[in-house]
2 protein chains.
Amino acid sequence: MTEASKDAVDAIIDQWHAVRPDLETTPMAVFGRIYRIARTVGDAVERAYAPYGISRGEFDVVATLRRSGAPYTLSPRQLSATLMLTTGGMTGRLDKLEKAGLLFRTPDPHDRRGLRVTITDRGLALIDEAVAAGLEVQRAALKGLGEEEVAVLGGLLRKLTADVQGA
Amino acid sequence: MTEASKDAVDAIIDQWHAVRPDLETTPMAVFGRIYRIARTVGDAVERAYAPYGISRGEFDVVATLRRSGAPYTLSPRQLSATLMLTTGGMTGRLDKLEKAGLLFRTPDPHDRRGLRVTITDRGLALIDEAVAAGLEVQRAALKGLGEEEVAVLGGLLRKLTADVQGA
DNA sequence: GACAAGTAGCTTACTCCTAAGCTACTTTTC
DNA sequence: GAAAAGTAGCTTAGGAGTAAGCTACTTGTC
């Protein structure tokens, strides 16, 4: 028994077994923990971005522009599709980030319906620091796992991600 | 090479390598996928609960009462602590669920500040069906993994959950 | 080349959450 | 046993998202 004492997800599964012994609860051991990790680490990352004055959602917008490479320009449509956000939600994020001086909107020269969103120098400098801070938090969360365990975990999650698409 | 072609997370990591080759992006391969799986499977589970007229958050409230066992009674405080929700958020969920006839509030006989929340027969019957529907969706998401892979994944996630607590 | 269909981004109404503050009650401290 | 501190649940204000619908523009079809 290499395991420590039962955790919160184990307790939930035990409770279900007590009241509904017929339920096959295996998926809870995987997805219950995935939900919790996503939330806990997501919150920690949010705190890591806070000193830079941006939320996690706003980070995602600027980071998407940053990693797209020079000239760091995408359309609102591309951004909302990439970030799985409605166009209304993207309008709000762009408004906030434009006001904060991290990006700006210009008309698309080839399509008068469209806009082009470009990162500013200030946005680029900020995101280059913030991305490192966020990675540091996530690296710390992985510190209890060995290098091989991280590789195995990543591989299984990759396989699961593929199965889950279109679910 | 047992892997299929690159997925969305691989593409993001490649983009970062191109513009910031100094970044050590290993954590993205784990947490990027955890965020995506949580969202995709969470949305699918939400759709599985929809025929029962409840959201995922509302399911969690009734399910917490259900798995607590007879007499299926907890305080709003216990519920909001378990579900990591503010008391204001819990008030709203209880209002909706009480109006829907899935639970009811009674005064706590031992503490006149407090309330006791109890599931109704209708709530119990509904949750017993909904929990099976939700598990079915999650089991389907795991179908591409073998039994042993699911066990290994669950074990690694369990270890990661422990490290992540208090992050 | 006119007209239907499609697309881009924004606005509005609504939902659900949090943070902060409230009242009422209980527990601790002296 | 009175005062101080703590706790339970609710209310309010504000933030951020979705869904639906708008205008403006572009594309496809005949």
Side-chain angles (χ1 to χ4, degrees), chain A residues 35-36 38-40 42-47 49-50 53-62 64-65 73-100 102-118, chain B residues 35-36 38-40 42-47 49-50 53-62 64-65 73-100 102-118:
Chain A
Y35 301 144
R36 282 176 174 252
R39 165 137 189 197
T40 307
D43 288 351
V45 169
E46 184 104 43
R47 286 193 295 276
Y49 297 149
I54 54 172
S55 71
R56 204 174 147 210
E58 288 153 9
F59 170 90
D60 287 341
V61 174
V62 186
T64 301
L65 290 167
T73 296
L74 295 168
S75 70
R77 175 67 39 183
Q78 287 174 303
L79 286 167
S80 55
T82 301
L83 301 178
M84 297 190 285
L85 196 68
T86 58
T87 60
M90 186 52 65
T91 296
R93 284 192 193 174
L94 293 177
D95 285 349
K96 263 199 77 178
L97 290 166
E98 187 162 32
K99 194 172 297 182
L102 304 184
L103 53 78
F104 58 93
R105 285 182 263 211
T106 50
D108 183 329
H110 302 305
D111 186 337
R112 274 195 287 177
R113 295 170 308 177
L115 293 175
R116 289 153 49 105
V117 178
T118 305
Chain B
Y35 301 144
R36 281 176 176 252
R39 164 136 191 199
T40 307
D43 287 352
V45 168
E46 185 103 42
R47 286 193 294 275
Y49 297 150
I54 55 173
S55 71
R56 205 174 147 207
E58 289 153 9
F59 171 90
D60 287 340
V61 174
V62 185
T64 302
L65 290 167
T73 295
L74 294 168
S75 69
R77 175 67 40 181
Q78 288 175 303
L79 287 167
S80 55
T82 301
L83 301 179
M84 299 189 285
L85 196 68
T86 59
T87 61
M90 187 52 66
T91 296
R93 284 193 194 173
L94 293 177
D95 285 350
K96 262 198 75 177
L97 290 166
E98 188 162 31
K99 193 172 294 184
L102 304 184
L103 52 78
F104 59 93
R105 285 183 264 210
T106 50
D108 183 329
H110 302 304
D111 186 337
R112 274 196 287 177
R113 294 169 308 180
L115 293 175
R116 289 152 49 102
V117 178
T118 304

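Protein chains get the first letters and strands the later ones, always in sequence-line order, with residue 1 at the start of each.
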TODO: Please tell me if the side chains of B/L94 and B/P76 come closer than 4.5 Å, counting only heavy atoms from C-beta onward.
DONE: yes
Open item on the list: Could you measure the distance from the CD atom of A/E58 to the CD atom of A/E46? Nearest 0.5 Å is fine.
Closed with: 8.5 Å
TODO: For B/R93 and for A/R105, find the nucleotide of DNA chain C with the closest heavy atom, then tell me which residue's nucleotide is more 5'.
DONE: A/R105
Open item on the list: Can you work out whether B/T91 or A/T86 has the more 5'-proximal nearest nucleotide on DNA chain D?
Closed with: B/T91
TODO: Measure from CD on B/E46 to P on D/dT18 and round the result to the nearest Å.
DONE: 13 Å
- [ ] Have a look at A/S55 and say if it touches a base, only the backbone sugar-phosphate, or nothing, with a 4.0 Å heavy-atom cut-off.
- [x] nothing
- [ ] Using a heavy-atom cut-off of under 4.0 Å over every strand shown, decide if A/G89 touches base, sugar-phosphate, or nothing.
- [x] base
TODO: Verify the contact: side-chain N or O of A/K96 to OP1 or OP2 of D/dA16, cut-off strictly under 4.0 Å; return yes or no.
DONE: yes
Open item on the list: What's the separation between atom CZ in A/R116 and atom CD in A/Q78, rounded to the nearest 0.5 Å?
Closed with: 9.5 Å
Task: Distance in angstrom units between A/E58 CD and D/dG15 P, rounded - done: 12 Å
- [ ] Measure the CG-OG1 distance between B/L83 and B/T64 for me, rounded to the nearest 0.5 Å.
- [x] 4.0 Å
- [ ] Determine the contact category for A/S75: base if any of its heavy atoms lies under 4.0 Å from a base atom, sugar-phosphate if only primed atoms, P, OP1 or OP2 are that close, otherwise nothing.
- [x] sugar-phosphate
Open item on the list: The criterion is salt bridge (charged side-chain N to carboxylate O under 4.0 Å, His left out); which residues satisfy it with A/E98, sequence neighbours excluded?
Closed with: A/R105
Open item on the list: Under 4.0 Å, counting only non-hydrogen atoms across every strand here, what does A/R112 touch: a base, just sugar-phosphate, or nothing?
Closed with: sugar-phosphate
Task: Least distance between heavy atoms, B/R93 atom then B/V61 atom - done: CD-CG2, 3.7 Å
- [ ] Between A/R77 and A/R39, just flag the one whose closest nucleotide in DNA chain C comes earlier from the 5' side.
- [x] A/R77
Open item on the list: Using a 3.5 Å limit on both distances, find every run of at least three consecutive Watson-Crick or G-U pairs that involves DNA chain D.
Closed with: C:1-30 with D:1-30
- [ ] Walking along DNA chain C from 5' to 3', note the first and the last nucleotide with an atom under 4.0 Å from a heavy atom of chain A, and give both.
- [x] C/dG6 to C/dT11
Open item on the list: Measuring only between side-chain heavy atoms, which start at C-beta, is A/T73 closer than 4.5 Å to A/T118?
Closed with: yes
TODO: Would you give the length of the straight line joining atom CG of B/D108 to atom OG1 of B/T106, rounded to the nearest 0.5 angstrom?
DONE: 8.0 Å
Task: Nearest-0.5 Å distance that lies between atom CD1 in B/I54 and atom CG in B/L102 - done: 7.0 Å
TODO: In whole angstrom, give the distance that lies between atom CG of A/L85 and atom C1' of D/dT18.
DONE: 9 Å
TODO: Report which part of the nucleic acid A/R56 touches: base, sugar-phosphate, or nothing (heavy-atom distance under 4.0 Å, all strands).
DONE: nothing
TODO: Would you indicate what B/G88 reaches in the nucleic acid, counting non-hydrogen atoms under 4.0 angstrom: base, sugar-phosphate, or nothing?
DONE: base
